*Asks:* 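One structure coming up, written as structure tokens, with questions to follow.
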Amino acid sequence: MEMFSFYNVENLFLPDPKPVHRLDPTRSGLKNWDEQRYRNKLFKISHVFQLMKEENGVLPFLIGLSEVSGRKVLEDLVEMEPFNSEYGIVHYNSMDERKVDVALLYDKSKLEIIDSETITFFFEIINKKNTENYDTTRDVLFSKIKYKGTVVNVFIAHLPSKREKDINKPKRDFILNEIRSRILRIVLEEKEHVILCGDFNENPDDENLVKILYDNDHEEVLVNPFQELFSTRNYSTFHYKSGLLYDQIILSKSLFDNDVLNFQNAKIFNSEKISSRTRNFEGRPFRTYAGTRYLGGYSDHFPVFVQFEETKT
């Protein structure tokens with residue numbers, strides 16, 4: 001068996017330098033984000049994957065991450081157990097205003113990175129005084145990998161968040177439409193496998209994530225196994241009283257019938273060990289911060305993963 005995982009790790013920043021003045025803003029935007037809290041965060045994230053390995057018998061051979069800031073935090077993470085410096089990193093700094101990026105970790109003994117690039121988006125800000133203003137968001141990371149001679153194209157996204165009146169919906173629409181065009185070319189013309197994962201800030205039944213599954217002739221080209229999980233009230237994150245499944249892994253249909261990797265199962269890793277200790281928030285992720293209050297937990301999201309059956313030795 002092999003596993004592919006995605007995890008929004010909630011603000012993995014390097015420790016903030018001590019401010020010159022008490023009220024100076026911090027790089028991370030977090031309150032009292034020091035070396036001790038950073039090291040605890042690294043331990044917590046690595047522990048999640050140790051627990052995943054203990055439960056499933058294997059570490060994910062590919063791991064998509066979001067809300068990481070810079071390459072150094074990833075280098076520190078892969079040095080720890082259970083990675084033990086055996087995982088490589090694909091990462092680029094994006095122009096996101098909060099300096100958070102997406103990244104890919106991969107088992108160097110099993111996979112080869114053929115190519116990688118970022119897909120960057122600029123959105124114009126309507127401003128009569130200055131027509132050169134633009135807004136940026138987190139890049140989409142594209143990686144072309146080879147596993148046992150088979151090519152798999154991996155997209156990792158962290159789409160713009162839902163805010164008041166969902167002003168970012170047009171941005172999500174635009175980004176997903178661009179990704180869809182690229183995926184259609186890969187699947188229909190190049191006949192290669194695709195994995196699209198991320199924190200989409202939309203649930204599996206939202207229009208964008210249904211549309212992306214089909215080509216222009218309304219033929220299904222991708223399958224979202226997290227649709228069924230969402231329909232049975234399985235969630236990866238929460239907003240007030242609402243359960244959400246923003247974290248998803250979407251696969252090309254070819255990964256359900258081939259001679260190397262065949263889809264078996266999709267799961268949310270919601271172990272009690274990484275869940276909230278508070279009765280009022282039972283069954284929810286044990287997060288690092290609640291607003292400005294430090295809780296010392298893992299993340300405000302549960303990781304998600306899919307399992308593949310290996311059919312070729």
Side-chain angles (χ1 to χ4, degrees), residues 1-7 48-49 52-66 78 82-83 86-90 102-117 140-157 179-180 182-198 200 204 209 212-215 219-229 234 236 245 247-269 303-313:
M1 181 182 73
E2 295 287 6
M3 290 167 47
F4 181 110
S5 179
F6 172 79
Y7 194 13
V48 169
F49 290 100
M52 199 179 290
K53 180 181 179 182
E54 290 171 4
E55 185 171 303
N56 296 279
V58 64
L59 269 177
F61 70 155
L62 284 165
I63 300 169
L65 298 174
S66 70
V78 298
F83 304 111
E86 295 171 356
Y87 275 62
I89 298 166
V90 183
V102 295
L104 179 69
L105 306 182
Y106 64 96
D107 186 333
K108 292 185 289 188
S109 70
K110 295 180 178 180
L111 298 160
E112 174 191 352
I113 302 296
I114 300 172
D115 193 15
S116 67
E117 65 172 336
V140 175
L141 177 61
F142 170 76
S143 301
K144 186 183 285 285
I145 65 106
K146 184 179 285 187
Y147 172 79
K148 294 187 175 180
T150 296
V151 173
V152 181
N153 298 271
V154 179
F155 294 84
I156 303 173
I179 294 173
R180 177 177 177 269
R182 291 172 181 251
I183 287 175
L184 288 179
R185 184 173 67 250
I186 292 168
V187 171
L188 299 178
E189 298 178 17
E190 300 173 17
K191 309 294 184 184
E192 292 178 351
H193 304 301
V194 169
I195 299 175
L196 166 62
C197 72
F200 296 102
L209 292 181
I212 204 169
L213 305 179
Y214 298 90
D215 66 15
E219 294 289 332
E220 189 178 43
V221 293
L222 300 177
V223 177
N224 186 352
F226 289 83
Q227 284 181 331
E228 183 176 353
L229 285 169
N234 287 278
S236 61
L245 187 47
D247 309 280
Q248 301 159 53
I249 302 168
I250 301 171
L251 312 167
S252 59
K253 288 187 71 176
S254 58
L255 287 169
F256 289 74
D257 182 22
N258 69 89
D259 62 356
V260 178
L261 290 171
N262 276 317
F263 170 82
Q264 276 190 311
N265 209 350
K267 294 184 180 181
I268 300 163
F269 190 69
V304 297
F305 65 92
V306 294
Q307 296 170 317
F308 295 105
E309 176 189 16
E310 296 174 273
T311 56
K312 179 197 274 186
T313 57

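Small disclaimer: the values here were computed from a predicted structure and weren't measured.
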*Asks:* Is any side-chain heavy atom of L59 closer than 4.5 Å to one of D107?
*Replies:* no
*Asks:* Considering only heavy atoms from C-beta outward, does the side chain of V306 approach that of F226 to under 4.5 Å?
*Replies:* yes
*Asks:* What distance do L62 atom CG and L111 atom CG have between them, rounded to the nearest 0.5 Å?
*Replies:* 4.5 Å
*Asks:* So, for G64 and I156, which heavy atoms are closest and what is the spacing to 0.1 Å?
*Replies:* CA-CD1, 3.7 Å
*Asks:* Taking the side chain as C-beta and beyond, is there a heavy-atom pair between L196 and I212 under 4.5 Å?
*Replies:* yes
*Asks:* Calculate, to the nearest 0.5 Å, the distance between atoms CZ and CG belonging to F308 and N258 respectively.
*Replies:* 9.0 Å
*Asks:* Is there a side-chain contact between I145 and Y106, using heavy atoms and a 4.5 Å cut-off?
*Replies:* no
*Asks:* Sequence neighbours left out, what passes salt bridge (charged side-chain N to carboxylate O under 4.0 Å, His left out) with R185? Give chain and number order.
*Replies:* none
*Asks:* How would you list, by chain and number, every residue that makes a side chain to side chain contact (heavy atoms under 4.5 Å, CB included) with S254, sequence neighbours excluded?
*Replies:* H193, S252
*Asks:* Do the side chains of L261 and F4 get nearer than 4.5 Å, heavy atoms only?
*Replies:* no
*Asks:* Using 0.5 Å steps for rounding, measure from the CE atom of M3 to the CE atom of M52.
*Replies:* 5.5 Å
*Asks:* Just to verify, what does E55 make a side-chain hydrogen bond (donor to acceptor under 3.5 Å, both in side chains) with, not counting sequence neighbours?
*Replies:* none
*Asks:* Quick one: which of E112, E117, E192 gives a salt bridge (charged side-chain N to carboxylate O under 4.0 Å, His left out) with K144?
*Replies:* E192
*Asks:* Just jot down the side chain to side chain contact (heavy atoms under 4.5 Å, CB included) partners of D215, sequence neighbours excluded, or say none.
*Replies:* L184, L188, D217, E219, V221
*Asks:* Between L213 and Q227, is the side-chain contact (heavy atoms from CB on, under 4.5 Å) condition met? List the steps.
*Replies:* CA-CA 11 Å; L213 305 179; Q227 284 181 331; 3.6 Å; yes
*Asks:* Can you label the angle between the F142 ring and the F155 ring as parallel, tilted or perpendicular, going by 30° and 60°?
*Replies:* tilted
*Asks:* Could you check whether any side-chain heavy atom of V140 comes within less than 4.5 Å of a side-chain heavy atom of V102, counting everything from C-beta outward?
*Replies:* no
*Asks:* Would you please name every residue forming a side chain to side chain contact (heavy atoms under 4.5 Å, CB included) with E228, sequence neighbours left out?
*Replies:* S231
*Asks:* Which distance, rounded to the nearest 0.5 Å, do you find between the OG of S236 and the CG of L245?
*Replies:* 4.5 Å
*Asks:* Going through the distances and angles, do V152 and V260 end up as a side-chain contact (heavy atoms from CB on, under 4.5 Å)?
*Replies:* CA-CA 11 Å; V152 181; V260 178; over 6 Å; no
*Asks:* P60 versus F305: any side-chain heavy-atom pair under 4.5 Å?
*Replies:* no
*Asks:* Would Q248 and V304 count as a side-chain contact (heavy atoms from CB on, under 4.5 Å) if you check the C-alpha gap in whole Å, the side-chain angles of each, and the deciding distance to 0.1 Å?
*Replies:* CA-CA 7 Å; Q248 301 159 53; V304 297; over 6 Å; no
*Asks:* For F61 and Y147, take the angle between the two ring planes, folded into 0 to 90°, and tell me which bin it lands in: parallel under 30, tilted 30 to 60, perpendicular over 60.
*Replies:* perpendicular
*Asks:* In chain order, what residues pass the ring pair (Phe, Tyr, Trp, His ring centres under 6.0 Å) check against F83, with sequence neighbours excluded?
*Replies:* F49, Y87
*Asks:* Rounded to the nearest 0.5 Å, how far apart are CD of Q307 and CZ of F263?
*Replies:* 8.5 Å
